[in-house]
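Take a look at the structure below.
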Amino acid sequence: MLKLNHVTKKFGELVAVNDLSFAVEAGQVFGIAGPNGAGKSTVYNLITGFYPFEGEIAFEGRNIAGRQPHEISKLGIARTFQIPQTFPSLTVEQSVGVGNRFGARGRFDPAYVESILAFMELTPVRHEPTGQLSLLDKKRLMMGAALATRPKILMLDEPMAGSNSNEIRSLMESIRRINAEMGITIIIIEHFMKVLTELTSTLLIIETGTKVCMGDPETVVNDPEVIECYLGESYG
Ligand SMILES: Nc1ncnc2c1ncn2[C@@H]1O[C@H](COP(=O)(O)OP(=O)(O)O)[C@@H](O)[C@H]1O
Ligand SMILES: [Mg+2]
């Protein structure tokens, strides 16, 4: 469904993504992990058209390199950001509506907005300005606004950051349902290994922009090189 082929991104001297290739299959939950500064968020920025790069990114067989973010959104790729970004003066319902207006189908559909509010458990706070939401509700809103674009792929950037274990459980359940019930392919960048081993079917580890290991999550977290470069000896 989504294929990166020898993708390289340099910021001046810094090689943020280094000759990276991987493929995400339709219906998968695909995980990405690696130390801070490894290039994980940059991979999302390249897929969503924020920067030019070397190499090829294909979505459903079409090369999407050089397309603008709004074009890529219309193709059916949505994302959330590492730091929750909302429109503080809009209500929750309006924010999800904005996602729906700019989405893949291009036609505002109030019934769909309603279903997303319910799905993400945002109905009770629908009239609240987003600036006043709890962190958990901000995260639910970011996912909801992304879902409102009717994506084929949803890319999540460290969705569990700053959450306690109950919130992590609840967000994991939402992600599982987005994948299973809505049929949306998921890519998730996450530091919590337990989240990745429970949710994903393929896990990619990158360090300084380079692939260290990729495969089924149980095998990857037991890979000696992964333990050395990322997880540390204490993990075992
Ligand atoms: N717009 C940018 N300009 C310059 N350097 C950047 C930019 N974005 C990211 N970087 C650098 O690229 C590297 C990878 O960053 P990032 O993708 O955010 O890492 P991660 O998400 O894995 O923590 C870091 O060294 C970061 O400082
Ligand atoms: Mg990041």
Side-chain angles (χ1 to χ4, degrees), residues 2-24 29-57 59 64-70 72-73 77-86 135-136 138-143 145-146 151 153-163 167-168 171-172 175 186-197 199-200 202-215 217 220-221 223 225-232 235:
L2 181 75
K3 215 167 192 167
L4 276 73
N5 229 334
H6 300 290
V7 169
T8 295
K9 176 64 191 173
K10 297 175 190 151
F11 293 110
E13 298 282 285
L14 178 86
V15 184
V17 177
N18 186 10
D19 194 28
L20 186 66
S21 300
F22 66 89
V24 179
V29 179
F30 184 97
I32 303 178
N36 284 326
K40 305 180 297 295
S41 296
T42 300
V43 168
Y44 278 13
N45 289 333
L46 301 183
I47 294 168
T48 51
F50 282 87
Y51 307 120
F53 57 88
E54 298 159 49
E56 189 184 82
I57 300 180
F59 178 62
I64 58 170
R67 300 219 190 189
Q68 295 301 306
H70 71 271
I72 288 170
S73 162
I77 300 179
R79 72 175 296 177
T80 63
F81 291 86
Q82 199 167 342
I83 296 165
Q85 298 191 352
T86 60
L135 179 65
L136 180 64
K138 271 190 185 145
K139 290 179 172 205
R140 295 191 164 286
L141 172 60
M142 251 202 319
M143 285 190 209
I153 293 194
L154 175 63
M155 307 200 302
L156 304 166
D157 196 348
E158 298 194 23
M160 309 302 171
S163 303
E167 293 164 345
I168 290 175
L171 289 167
M172 279 175 74
I175 293 166
I186 307 258
I187 309 179
I188 175 171
I189 295 172
E190 190 46 70
H191 280 298
F192 291 100
M193 276 299 144
K194 196 154 164 41
V195 170
L196 292 171
T197 52
L199 281 182
T200 71
T202 306
L203 179 55
L204 165 69
I205 308 286
I206 59 176
E207 189 198 14
T208 56
T210 307
K211 184 193 289 183
V212 177
C213 188
M214 184 167 75
V220 167
V221 296
D223 182 283
E225 206 181 337
V226 171
I227 292 172
E228 189 187 323
C229 91
Y230 177 49
L231 297 172
Y235 182 79

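No experiment lies behind these values; they were computed from the predicted model shown. Whatever order the structure lists ligands and atoms in, that order sets their numbers, starting from 1. Position 1 is the first residue of the sequence; numbering continues from there.
Rounding to the nearest 0.5 Å gives a distance of 10.0 Å between CG of Leu46 and CD1 of Ile64. Rounded to the nearest 0.5 Å, atoms CD1 (Ile153) and CZ (Arg79) are 13.0 Å apart. How far CE of Met143 is from CD1 of Ile175: 4.5 Å, rounded to the nearest 0.5 Å. One distance of note links CG of Asn45 with CE of Met155; it measures 8.5 Å at 0.5 Å rounding.
In terms of heavy-atom proximity, Pro151 sits nearest to Ala78 at CB-CB, 3.6 Å.
Proximity annotation for atom 24 (C) of ligand 1: of Gly12, Gly37, Ala16, Gly37 comes nearest, heavy atoms only.
In summary, the atoms of ligand 1 found under 4.0 Å from a heavy atom of Asn36, numbered by their order in the structure, are 23 (O). Counting atoms of ligand 1 from 1 in the listed order, those under 4.0 Å from a heavy atom of Tyr51 are 1 (N). Within ligand 1, counting atoms from 1 as listed, the ones closer than 4.0 Å to a heavy atom of Ala38 are 19 (O), 20 (P), 22 (O).
Checking side-chain atoms of Thr200 against main-chain N and O of Thr197 turns up no donor-acceptor pair under 3.5 Å.
The nearest protein atom to atom 18 (O) of ligand 1, hydrogens excluded, is given as Ser41 CB, 3.8 Å; this is a heavy-atom distance. Protein heavy atom closest to atom 2 (C) of ligand 1, with residue, atom name and distance, is Phe11 CE2, 3.4 Å. At the top of the distance list for atom 11 (C) of ligand 1, counting protein heavy atoms only, stands Leu14 CD2, 3.4 Å.
Gly34 does not count as a contact of ligand 1, since none of its heavy atoms falls under 4.0 Å from the ligand.
Applying the ring-ring contact (aromatic ring centres under 6.0 Å, His included) test to residues at least two apart or on different chains, the pairs with a partner in residues 30-54 are Phe11-Tyr51, Phe22-Phe30.
There is a protein heavy atom closer than 4.0 angstrom to atom 20 (P) of ligand 1.
At a threshold of 2.8 Å, the Mg ion (ligand 2) has a backbone or side-chain N, O or S atom of Gln82 nearer than that distance.
Residue contacts with ligand 1: Thr42 is placed with a nitrogen or oxygen under 3.5 Å of a nitrogen or oxygen of the ligand (distance criterion only).
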